[in-house]
Protein chains: 2
Amino acid sequence: MAGIRAAQKEKTRRALIQAAMNQLSAEHGYASLSLREVAREAGIAPTSFYRHFQNMEELGLTLVDEGGLTLRQLLRQSRQQIAKGGSIIRASVTTFMEFVSNNTAIFRLLLQEKSGNSRDFRLAVTREVEHFTAELVDYLVAEQKFTRELAELQADAIVRIVFSAGADALDADSKEKQRLTEQTISQLRIVARGAEATRLAAKTKE
Amino acid sequence: MAGIRAAQKEKTRRALIQAAMNQLSAEHGYASLSLREVAREAGIAPTSFYRHFQNMEELGLTLVDEGGLTLRQLLRQSRQQIAKGGSIIRASVTTFMEFVSNNTAIFRLLLQEKSGNSRDFRLAVTREVEHFTAELVDYLVAEQKFTRELAELQADAIVRIVFSAGADALDADSKEKQRLTEQTISQLRIVARGAEATRLAAKTKE
DNA sequence: TATGTCAGTGAACGCTTGTTCACGCAATTC
DNA sequence: GAATTGCGTGAACAAGCGTTCACTGACATA
C-alpha cells in the first residue's frame, strides 16, 4: 500500500523526461533524439524505456504538454502582477521573455515542433498556443470591453508577435534580449492603439 | 571545350537538389534527411554525393539559399501589384499566401531551420527574413513618410505576423487559408492604424 | 594519338539505431 | 508464507547510417 514500487516508477519516468530535456539544445533537437541515448542518460537499459513510454513520440508529446503547462502558469503569475497595477503589456512581455530565458529547451521544443514533422506534435503545440490566445481574448473582452471579434484579431496578432520575438530571443545575448523586449512592448502598444482606433471607427459608423 | 562534362555534373547536382526537395514534406524534414536516400532518388551511388557536396549541411544551405531567392522573386511580384494600384496590404498578403501554397517545401524548410539546430542555417534564414523586413522599412519611409524608427517597429511587427500566419497556412485547407488571409489583412490594418495614431501622438507632443 | 583528369562505382568498414525476447528479483497481493 | 505482478536487464536481431577506398571509363587536353 506504501506504493514504494509506484514511486520508484515515477522517479525513473521523471529521470527519462529530464534526460530528454537535457539532450535538447540549440544543436541537438527532438528529431535527432535517440531512445538509447536518453535511456543511457537516465541510467536505465534501453529496453526499460518501453515500461514508461510506448514511443519516443509519446515522450515528446509529454514534453510539449509540460512546456505548455509551465508557460500558462507563468502568465497567470504575470496577470497577478497586473492586478496589482502597472502596465499589462510590459508585465506580460517581460514575464514571457524571462520564461524563454529560463526554459530555453522547452521553448525551443515548442517552436520547432510547431512547424515540425509530426502532425500530432504540431496539433499539440497549436493547442497550447490557442489556450494562450484564448486567455488573452477573455481578458480583452472582460477587462477592456472589446468586442469578441476585435479582441480575437488583436490577441492573435499579439501572440504571433510575442512568440516570434521569443524565438529570436533564444539566440540573443542579454543586451539583445533587452532590445527585443522593448521593441516588442512598443509593437504591442501600436497594436493596442490600432485596436482602439478600430473600435472607435466602428462606433462612429453605427 | 564543349563542357559536355561540366554540363553533366551540373545536371546531377540539380538532380541532388531536386531529390532533397522532393523528400522534404510535412512528415519528413531536413533533419531526418539521409544522404543515401537522397542519392538513391537522384539516381547515383551514395559515394558520388561527395563529388558535389562535402556534407549534407552544405546541401541544406544550398536549399536555404534557393528558398531565399524564390522569396525575393515573390517580393518583386508583390511590388508590381502595388505599382498597379489597389490595397498594398491586401496585395502583399495575398501574394505571400500564394507563395506559401506554391512553395510549401521551401517555406517549410525556411520555417523549420529558422529555429532549427544548425547555427549556420539559422543565420542564413534570419538573413533572408531581415532582407524582407528591410525592404518593407524602406517602403514605409519613402512612400508613407514614417520616421525610420516607427517604420522599423511597424515593418518588424508585420513580418512577424505574416510569417507566422504563413506557417499556419501550411497545414490549412483552402477555406482555412482564405480565413487566415482575411484575418491577416485585418491585423495589418490594425497595425497600420496603430502606427498612424502613434505618429500623430508623437507630433502632438512636439 | 597518347596522357591525364575526374564523375561515378561497388565493396567494405565500424557504428548506431529501434525493437524482441526470456529472465531475475523485489514489491505487492492474497 | 506462497503466488503474482511488473520494473529493469543483457543478449541478440536486422537495418540503416556516413564515410573510405581503389577502381573504371568517358571526356578533356596537348
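In what follows, chains carry the letters A, B, and so on, assigned in the order in which the sequence lines appear, proteins first and then strands, with residues in each chain numbered from 1.
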Legend entry - Exceeds 12 heavy-atom contacts within 6.0 angstrom, atom CD of B:Glu149: no
Legend entry - Proximal nucleotide (of C:dT19, D:dT19, C:dA22) relative to the B:Asn55 side chain: D:dT19
Inset, instruction - Indicate, with a heavy-atom threshold strictly under 4.0 Å, whether A:Arg40 touches base, sugar-phosphate, or nothing. - result: sugar-phosphate
Inset, instruction - Could you tell me the separation between the CD atom of B:Gln8 and the C1' atom of C:dA7, rounded to a whole number of Å? - result: 9 Å
Legend entry - Side-chain N or O of B:Thr47 closer than 4.0 Å to phosphate OP1/OP2 of D:dT20: no
Inset, instruction - Indicate, with a heavy-atom threshold strictly under 4.0 Å, whether B:Gln54 touches base, sugar-phosphate, or nothing. - result: nothing
Inset, instruction - Look at the side chain of B:Arg51 and the base of C:dC6, then say whether one donor and one acceptor between them are separated by less than 3.5 Å. - result: no
Inset, instruction - Would you tell me if any nitrogen or oxygen in the side chain of B:Ser48 comes within less than 4.0 Å of OP1 or OP2 on C:dA7? - result: no
Legend entry - Nearest-angstrom distance from the residue atom CG of A:Leu16 to C1' of D:dC7: 12 Å
Inset, instruction - Mind calculating the distance between CG (B:Leu35) and C1' (D:dG16) to the nearest angstrom? - result: 12 Å
Legend entry - Length of the line joining A:Met56:CE and C:dT19:C1', which is rounded to integer Å: 14 Å
Legend entry - Nucleotide of C:dT17, D:dT19, C:dG8 approaching B:Thr12 most closely (side-chain heavy atoms): C:dG8
Legend entry - Upstream residue (5' side of DNA chain D) when B:Ala6 and A:Pro46 are each assigned their closest nucleotide: A:Pro46
Legend entry - Donor on one side chain, acceptor on other, A:Gln112 and A:Arg108, under 3.5 Å: no
Inset, instruction - Taking atom types as modelled, find out whether B:Gln18 and B:Asn22 have a side-chain donor-acceptor pair closer than 3.5 angstrom. - result: yes
Legend entry - Side chain B:Arg36 and base D:dG18 donor-acceptor under 3.5 Å: yes
Inset, instruction - Return the nearest nucleotide to the side chain of A:Arg5; candidates are D:dG18, C:dC6, C:dA26. - result: C:dA26
Legend entry - Length of the line joining B:Ile44:CD1 and C:dA7:P, which is rounded to integer Å: 12 Å
Inset, instruction - Step through the shown structure and confirm whether more than 12 heavy atoms of other residues, nucleotides or ligands are within 6.0 Å of NE2 on B:His28. - result: yes
Inset, instruction - Taking only the side-chain heavy atoms of A:Ala45 (C-beta and beyond), determine which of D:dG18, C:dG18, D:dG10 contains the nearest atom. - result: D:dG10
Inset, instruction - State whether a side-chain donor-acceptor pair under 3.5 Å links A:Lys114 with A:Thr126. - result: no
Legend entry - Interatomic distance where CD1 belongs to A:Ile4 and P belongs to D:dG6 [whole Å]: 17 Å
Inset, instruction - May I have the distance from A:Lys11 (atom NZ) to D:dG8 (atom P), rounded to whole angstrom? - result: 11 Å
Inset, instruction - Return the nearest nucleotide to the side chain of A:Lys9; candidates are C:dT20, D:dC7, D:dG18. - result: D:dC7
Inset, instruction - Write down the distance between CG (B:Leu59) and P (D:dG18), rounded to a whole number of angstrom. - result: 12 Å
